[in-house]
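First up is the structure itself, then whatever we jot down about it.
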Amino acid sequence: MPAYVNLPVNHQVTIMNIAEIAEQLEHTGYIILDQPLPVNLTSALFTRCHDDDQANFQTAHIGRGTDKKHIDSIRGDVINWLDEMNATDLSYLACMETLRRGLNEALYLGLFDYECHYAIYNNGAGYAKHSDVLNGKKNRILTTVLYLNEDWQSSDGGELVLFEPDGTAVISTVIPKFGTMIIFLSESFPHEVLISHNTRRSITGWFRVSGS
Ligand code: OGA
Ligand code: MN
């Protein structure tokens, strides 16, 4: 999977308030943003995710190396890593690069790179409660998910449920509607994607530190 380093910084297309994001991450460990990116960029990302009719998407796996496996009942999405050669993907990556630098300045997180993929959950797919920090690999620091679904109805399901760090109480239930982005500390919050009853599109990514 690609990790994106040495990308251009695009201040113009980022409308998110990085100071506010940093402050909330410091205090609560997560933030839900309504429309952090310009609508035309989010629309272009939707088109990218939609256009090839899933031809380039692969079954998502859980775990890594010899632990890597595919179990539909645990994780049902298909994924496609962003492509630096594509102008739309590059615009998104540039926004996230601006965010990476801003968060490093504000919080000294030492975020080194960002990896991200489009994800499609077809009707009937979900992702059981899990942590994004893979066994033995602790380099994922912040998870981001940007949702690309216009006119999402409550009957479409597919909500992201975020749990307290101890995995018991629900902290937040996020509707995967167009333009919404959640950012959270990857290691701190177990989370689950409820079964989707419609085609659910998003971009999931991780800011990482180097090493390990
Ligand atoms: C993931 C994940 C959440 C979502 O891909 O690890 O938890 O809402 N995604 O798509
Ligand atoms: Mn996850």
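Each ligand, and each atom within it, is numbered from 1 in the order the structure gives. Excluded from the calculations below are hydrogen atoms, water molecules and symmetry mates; all remaining heavy atoms, backbone and side chain alike, are included. Each residue takes its place number in the sequence, starting with 1.
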Among the heavy atoms of Glu192, does any lie under 4.0 Å from an atom of ligand 1? no
I'd like the atom name of the N/O/S atom in His130 lying closest to the Mn ion (ligand 2). NE2
Is the shortest distance from a Lys or Arg side-chain nitrogen in Arg101 or Glu105 to a carboxylate oxygen in the other one below 4.0 Å? no
Nearest-0.5 Å distance that lies between atom NZ in Lys129 and atom CG in Leu194: 11.5 Å
For side-chain hydrogen bond (donor to acceptor under 3.5 Å, both in side chains), just list the numbers for Asn122 and Gln54, CA-CA rounded to whole Å, side-chain angles, deciding distance to a tenth of an Å, and then say yes or no. CA-CA 10 Å; Asn122 287 303; Gln54 305 186 28; 3.0 Å; yes
Ring-plane angle category for Phe184 and His191, please: parallel below 30°, perpendicular beyond 60°, tilted otherwise. perpendicular
Specify side chain, backbone, both or neither for Asp132, according to which of its non-hydrogen atoms lie closer than 4.0 Å to ligand 1. side chain
protein heavy-atom neighbour closest to atom 1 (C) of ligand 1 works out as Tyr127 CE1, 3.7 Å
Cluster check Leu33, Leu111: I/L/V/M/F/W/Y, side chain < 4.5 angstrom: yes
Out of the candidates Asn80, Thr204, Asp89, only one should pair with Tyr118 under the side-chain hydrogen bond (donor to acceptor under 3.5 Å, both in side chains) rule; please name it. Asp89
Please give the atom name: the N, O or S atom of Asp132 nearest to the Mn ion (ligand 2). OD1
Below 4.0 angstrom from a heavy atom of Val193, which ligand 1 atoms are there? Numbered from 1 as shown, please. 3 (C), 4 (C), 8 (O), 10 (O)
Do the two ring centres, one from Phe46 and one from Phe178, sit under 6.0 Å apart? no
Using a 4.0 Å heavy-atom threshold (strictly under), name the region of Arg200 that reaches ligand 1: side chain, backbone, both or neither. side chain
Best match, His191, Lys129, Glu159, His117: closest heavy atom to atom 7 (O) of ligand 1: His191
So, regarding Asp77 and ligand 1 (criterion: nitrogen or oxygen to nitrogen or oxygen, under 3.5 Å), is there a contact or not? no
In this structure, would Val78 and Leu160 fall into the same cluster of hydrophobic residues linked by side-chain contacts under 4.5 Å? yes
So which protein heavy atom does atom 5 (O) of ligand 1 come closest to, and at what separation? Thr204 CG2, 3.6 Å
If we number the atoms of ligand 1 from 1 as shown, the ones under 4.0 Å from a heavy atom of Tyr147 are 4 (C), 8 (O)
